[in-house]
K.L.:
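Before I ask anything, here is the structure I am working with.
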Amino acid sequence: MTGPDAKRIYLSPPHLDGREQEYLLRAFDSNWITTCGPQVDAFEQDICARTGIRHGVALASGTAALHLGLLILGVGPGDEVLCSTLTFAASANAIVYCGATPVFIDSDRETWTMDPRLLAEELERALRRDRRPKAVLVVDLYGQCADYGPIRETCSRYNLPVLEDAAEALGATYQGAAAGKFGALGVFSFNGNKIITTSGGGMLVSDNREYIDRARFLSTQARDPAPFYQHSHIGYNYRLSNLLAALGQAQLERLSEKILRKKAIQEQYRQALADLPGITFMPEAPYGCSNGWLTVLLIDPERFGSDREAVRLALEADRIESRPIWKPMHMQPVFDCSEGGSPISGSETGPGQGRVKSRAVGGPVSEDLFARGLCLPSGAQLTEEDLERIIAIIQRCRR
Ligand SMILES: *Cc1c(COP(=O)(O)O)cnc(C)c1O
């Protein structure tokens with residue numbers, strides 16, 4: 001069925017097809033209805049086993065994990081942090097939570113992730129100006145790892161730590177190793193739209209035990225080891241609920257199946273649409289394997305005869321949700337990347353207080369991707385019928 005009574009198709013809805021209920025009830029019955037417990041511990045171990053990363057701390061969100069990750073790398077007021085511009089706001093927001101200034105680096109045309117050459121150029125300039133950034137926040141976009149070979153080579157030459165935002169990339173690989181492993185610390189998200197979900201949740205991971213111990217301490221209100229409540233540091237209430245960790249365990253058991261299904265969906269879109277003039281897909285870089293989280297395509301309005309927005313509205317008219325790709329951070333009203341008064345000295349405002357002074361390095365690539373890119377429904381539960389409906393509407397938009 002199509003039209004106003006058609007079944008609503010969402011972009012990336014939760015997909016609970018495993019032992020979620022059983023594990024949730026087990027956690028419920030154990031009475032660990034709190035932010036610690038056997039399921040939290042087990043979920044951390046499961047993620048470590050799956051990714052080959054040594055240590056992890058389960059947190060209330062990916063955003064909380066980014067915030068703690070930056071704090072552990074020593075990011076504070078007045079610092080600059082280089083960050084992928086093509087990302088979800090949470091990556092940049094976490095930098096501002098620390099009082100630091102984001103410097104947004106444009107995408108590479110071939111991978112859509114941070115351009116390693118722009119990063120190297122910016123670091124050279126920064127050091128000539130004697131303004132060392134504190135860290136580099138690299139985003140794995142739509143399930144595809146950034147190009148960590150050159151990125152890590154540059155960063156280690158300048159002795160700069162990388163924080164890997166792998167919120168969208170659980171299960172992806174780069175040269176055979178798991179996403180999340182390529183920084184001093186890595187971040188996963190289990191938000192409702194991610195490849196696995198705990199409804200809300202995240203994890204900070206690292207091979208460095210001290211980092212994760214410190215994050216665990218800060219995430220549980222920074223309680224000193226004493227019989228009474230004593231605090232020598234300002235902490236946070238950032239831990240994951242034990243009930244939600246139970247969901248995470250069940251979801252993770254199905255991750256491989258979800259990836260296979262998402263790759264099959266991507267392949268079906270490609271077969272049906274890739275030959276249309278003016279349609280191209282997000283390139284899968286040869287250095288790794290994407291987890292297929294979202295299928296994303298680019299529409300060239302000249303050649304296709306309709307633009308991205310026309311296609312989005314045609315899908316929406318049939319109750320199908322699609323979304324433009326992330327609006328780059330350097331284009332966001334909240335980040336003031338205008339020239340003038342360089343070098344900048346920290347954020348002039350804080351969270352919730354208006355515009356934040358920041359800076360952009362390049363930008364045309366991500367601006368073009370934003371103008372033409374569309375994320376298609378990619379839920380693992382999409383049926384053949386759903387896919388045919390979506391594909392037919394896109395085909396009909398061609399003029
Ligand atoms: C979803 C997402 C986050 C934030 O994760 P939450 O769990 O929603 O806080 C951070 N970065 C990227 C790139 C994301 O896609």
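Read the numbers this way: they start at 1 and go in the same order the structure lists the ligands and their atoms. Numbers for residues simply follow the sequence, beginning at 1.
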K.L.:
Could you list which atoms of ligand 1 come closer than 4.0 Å to a heavy atom of G201?
P.N.:
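Matching atoms, with element in brackets: 7 (O).
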
K.L.:
Is the contact between S61 and ligand 1 made by the side chain, the backbone, both, or neither, using heavy atoms and a 4.0 Å cut-off?
P.N.:
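Both the backbone and the side chain of S61 come within reach of ligand 1.
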
K.L.:
Which protein non-hydrogen atom lies closest to atom 2 (C) of ligand 1, naming both residue and atom, and how far is it?
P.N.:
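In this structure, atom 2 (C) of ligand 1 has K194 NZ, 2.9 Å as its nearest protein heavy atom.
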
K.L.:
Between the main-chain N or O of P328 and the side-chain N or O of S366, is there a donor-acceptor pair closer than 3.5 Å?
P.N.:
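No; zero donor-acceptor contacts below 3.5 Å.
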
K.L.:
Applying side-chain hydrogen bond (donor to acceptor under 3.5 Å, both in side chains) to E253 and Y23, what does each step give before you reach the verdict?
P.N.:
CA-CA 12 Å; E253 286 179 355; Y23 289 6; 2.6 Å; yes

K.L.:
Do any heavy atoms of S91 fall under 4.0 Å from ligand 1?
P.N.:
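Contact present.
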
K.L.:
Could you list the atoms of ligand 1 found under 4.0 angstrom from a heavy atom of A90?
P.N.:
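Listed by number with element: 3 (C), 4 (C), 10 (C).
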
K.L.:
Would you say the ring centers of F182 and Y174 fall short of 6.0 Å from each other?
P.N.:
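Yes, the ring of F182 comes within the 6.0 Å limit of the ring of Y174, centre to centre.
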
K.L.:
Answer yes if the side chains of S322 and R308 hold a donor-acceptor pair under 3.5 Å, and no otherwise.
P.N.:
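The criterion, which ignores hydrogens and geometry beyond distance, is not satisfied for R308 and S322.
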
K.L.:
Which residue supplies the protein heavy atom nearest to atom 5 (O) of ligand 1, what is that atom called, and how far is it?
P.N.:
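For this ligand atom, the closest protein heavy atom is S189 OG, 3.3 Å.
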
K.L.:
Number the atoms of ligand 1 from 1 as they appear, then name those within less than 4.0 Å of a heavy atom of T87, with their elements.
P.N.:
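Taking each heavy atom of T87 in turn, ligand 1 has 13 (C) under 4.0 Å.
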
K.L.:
Give the numbers and elements of all ligand 1 atoms closer than 4.0 Å to a heavy atom of A167.
P.N.:
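Checking each atom against A167, I get 2 (C), 3 (C), 10 (C), 11 (N), 12 (C), 14 (C).
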
K.L.:
Purely on distance, is any nitrogen or oxygen of W293 under 3.5 Å from one on ligand 1?
P.N.:
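No, no N or O pair falls under 3.5 Å.
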
K.L.:
Describe, in one word, how the ring planes of Y142 and W112 are oriented to each other, choosing from parallel (under 30°), tilted (30 to 60°) and perpendicular (over 60°).
P.N.:
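Perpendicular.
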
K.L.:
Tell me the protein heavy atom at minimum distance from atom 15 (O) of ligand 1, and give that distance in Å.
P.N.:
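It is E168 OE2, 2.6 Å.
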
K.L.:
Mind checking whether D165 has an N or O less than 3.5 Å away from an N or O of ligand 1?
P.N.:
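Yes, at least one N or O pair falls under 3.5 Å.
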
K.L.:
Hey, what do you get for CZ (F370) to CG (L86), rounding to the nearest 0.5 Å?
P.N.:
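Here the interatomic distance stands at 10.0 Å.
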
K.L.:
Within ligand 1, which atoms have a heavy atom of N191 less than 4.0 Å away?
P.N.:
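Going through ligand 1 atom by atom, the ones under 4.0 Å from N191 are 7 (O), 8 (O).
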
K.L.:
Does any N/O atom on W326 come nearer than 3.5 Å to any N/O atom on ligand 1?
P.N.:
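In this structure, W326 places no N or O atom under 3.5 Å from an N or O of ligand 1.
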
K.L.:
Got a second to check how far E388's CD is from I393's CD1, nearest 0.5 Å?
P.N.:
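It comes to 12.0 Å.
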
K.L.:
Can a donor-acceptor pair be found between the side chains of Q144 and E284 at a distance below 3.5 Å?
P.N.:
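No - no donor-acceptor pair under 3.5 Å links their side chains.
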
K.L.:
If you compare all heavy atoms of P364 against all heavy atoms of G362, which two are closest, and at what distance to 0.1 Å?
P.N.:
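For P364 and G362, the tightest heavy-atom pair comes out as CD-C, 3.6 Å.
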
K.L.:
Do any nitrogen or oxygen atoms of V139 come within less than 3.5 Å of a nitrogen or oxygen of ligand 1?
P.N.:
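N/O-N/O distance under 3.5 Å: no.
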
K.L.:
If I take atom OH from residue Y148 and atom CD from residue E164, how far apart are they, to the nearest 0.5 angstrom?
P.N.:
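Interatomic distance, Y148 OH to E164 CD, rounded to 0.5 Å: 3.5 Å.
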
K.L.:
Give me the nearest non-hydrogen protein atom to atom 9 (O) of ligand 1 as residue plus atom name, then the distance to 0.1 Å.
P.N.:
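Its nearest protein heavy-atom neighbour is T63 OG1, 2.5 Å.
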
